[in-house]
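Note that ligands are numbered from 1 as they come in the structure, with each ligand's atoms numbered from 1 the same way.
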Amino acid sequence: MSVARRPLVVVPTYNETENLEAIVQAVRGNLPNVEMLVVDDNSPDGTGGLAESLSKTYGGIFVMHRPAKLGLGTAYVAGFMFALAQDFTCVFEMDADFSHDPKYLPSMLAMAEKYDLVIGSRYVPGGATPDWRLIRRIISGGGNVFARNMLGLPVRDCTAGFKCYRRSALAAFDLDRINLQGYAFQIETVYQAYKAGCRIGELPIVFPDRRLGHSKMSQQIVAEAFTYVLRRKLGELRHS
Ligand SMILES: Nc1nc2c(ncn2[C@@H]2O[C@H](COP(=O)(O)OP(=O)(O)O)[C@@H](O)[C@H]2O)c(=O)[nH]1
Ligand SMILES: [Mg+2]
């Protein structure tokens with residue numbers, strides 16, 4: 001069965017009123033009629049209400065409202081559970097801020113016919129982060145080298161947030177036990193996919209800075225990722 005039968009694009013939002021309608025239009029411009037799920041964490045700027053009105057205007061848009069800012073990772077876990085409870089064939093993770101260009105969606109979907117997990121990758125030839133200053137390149141690039149080597153992951157971009165999972169990959173995950181927020185969540189999903197024997201493919205993407213609005217990433221999210229990798233590694237050593 002083709003994964004293209006019923007994809008779902010999950011978009012977590014926190015204060016994205018400036019971006020959300022344009023994202024919906026761009027997603028549909030690249031994958032006509034694709035269904036979407038917006039997971040909003042009671043954004044103070046009213047993104048949740050906007051998502052409801054877009055759902056009426058465009059159709060095929062589900063909206064999940066959570067009571068407070070509970071983090072990107074748990075928003076995706078909720079989205080994955082939603083997808084598994086219905087008959088979606090694959091699920092995209094995508095930010096609402098245009099760092100993840102919807103133009104890559106068709107190529108990622110095509111790759112998902114062959115791979116259980118497709119990663120929109122900044123760290124394979126052809127991938128790039130043109131807007132980043134040196135310090136951000138060092139933190140992200142160094143973090144990737146660290147995670148990849150500590151955990152033995154055969155993936156160049158372990159912290160990427162633009163991904164497509166086949167349903168079978170999500171079904172193999174231990175979703176109940178993922179309680180992570182940012183980059184740690186992204187690494188954990190790659191880790192679980194690898195351990196489950198998933199075929200993982202990387203599509204080079206150019207990752208520009210967000211167009212409008214503000215980043216919610218923080219030093220705490222970087223620290224979470226670092227301690228998460230150490231804990232995972234310790235767990236592996238204990239069980240070997
Ligand atoms: N539901 C939800 N979405 C979030 C949360 N934090 C960030 N997001 C969304 O996740 C995406 C990526 O966040 P962003 O702040 O751009 O992170 P950055 O790209 O690493 O700077 C955007 O669509 C945000 O609106 C959160 O706590 N809950
Ligand atoms: Mg962003």
Among all protein heavy atoms, pick the one closest to [atom] and tell me residue, atom and distance.
atom                    : result
atom 4 (C) of ligand 1  : Y14 CB, 3.9 Å
atom 19 (O) of ligand 1 : D95 OD2, 3.7 Å
atom 5 (C) of ligand 1  : K69 NZ, 3.8 Å
atom 14 (P) of ligand 1 : R210 NH2, 3.6 Å
atom 20 (O) of ligand 1 : M217 CG, 2.7 Å
atom 21 (O) of ligand 1 : S215 OG, 2.5 Å
atom 10 (O) of ligand 1 : L72 CD1, 3.0 Å
atom 1 (N) of ligand 1  : V39 O, 3.0 Å

In ligand 1, which numbered atoms sit nearer than 4.0 Å to a non-hydrogen atom of [X]?
X   : answer
D97 : 16 (O), 19 (O)
A75 : 1 (N)
E16 : 22 (C), 23 (O), 24 (C), 25 (O)
D41 : 1 (N), 2 (C), 26 (C), 27 (O), 28 (N)

For [X] and ligand 1, does the shortest N/O to N/O distance drop below 3.5 Å?
X   : value
R66 : no
T13 : yes
P12 : yes

Q: Could you tell me whether any N, O or S atom belonging to D95 is less than 2.8 Å from the Mg ion (ligand 2)?
A: no

Q) Does G71 come within less than 4.0 Å of ligand 1, judged by its heavy atoms? A) yes

Using a 3.5 Å distance criterion without hydrogens, assess whether the side chain of [X] forms a donor-acceptor pair with backbone atoms of [Y].
X    : Y    : answer
R232 : M150 : no
K163 : Q186 : yes
D41  : R66  : no
E202 : D157 : yes
E16  : G213 : no
D131 : P208 : no

Q: Using a 4.0 Å heavy-atom threshold (strictly under), name the region of Y183 that reaches ligand 1: side chain, backbone, both or neither.
A: side chain

Q) Taking just the N, O or S atoms of D97, which one is nearest to the Mg ion (ligand 2)? A) OD2

**Q.** D209 and R136 ion-paired at < 4.0 Å
**A.** yes

**Q.** Working for salt bridge (Lys or Arg N to Asp or Glu O under 4.0 Å), residues E18 and R210
**A.** CA-CA 11 Å; E18 295 161 293; R210 63 161 57 235; over 6 Å; no

Q: Could you walk me through whether I23 and F98 pass the side chain to side chain contact (heavy atoms under 4.5 Å, CB included) test, one step at a time?
A: CA-CA 7 Å; I23 274 290; F98 284 97; 3.6 Å; yes

Q.
So that I know where these two stand, are Y228 and Y183 an aromatic pair - ring centroids less than 6.0 Å apart?
A. no

Q | Ring geometry between W132 and F207 (parallel below 30°, tilted from 30 to 60°, perpendicular above 60°) | A | perpendicular

Q: Verify side chain to side chain donor-acceptor pair (under 3.5 Å) between E188 and Q192, making sure each step is shown before the conclusion.
A: CA-CA 6 Å; E188 171 69 8; Q192 288 206 19; 2.7 Å; yes

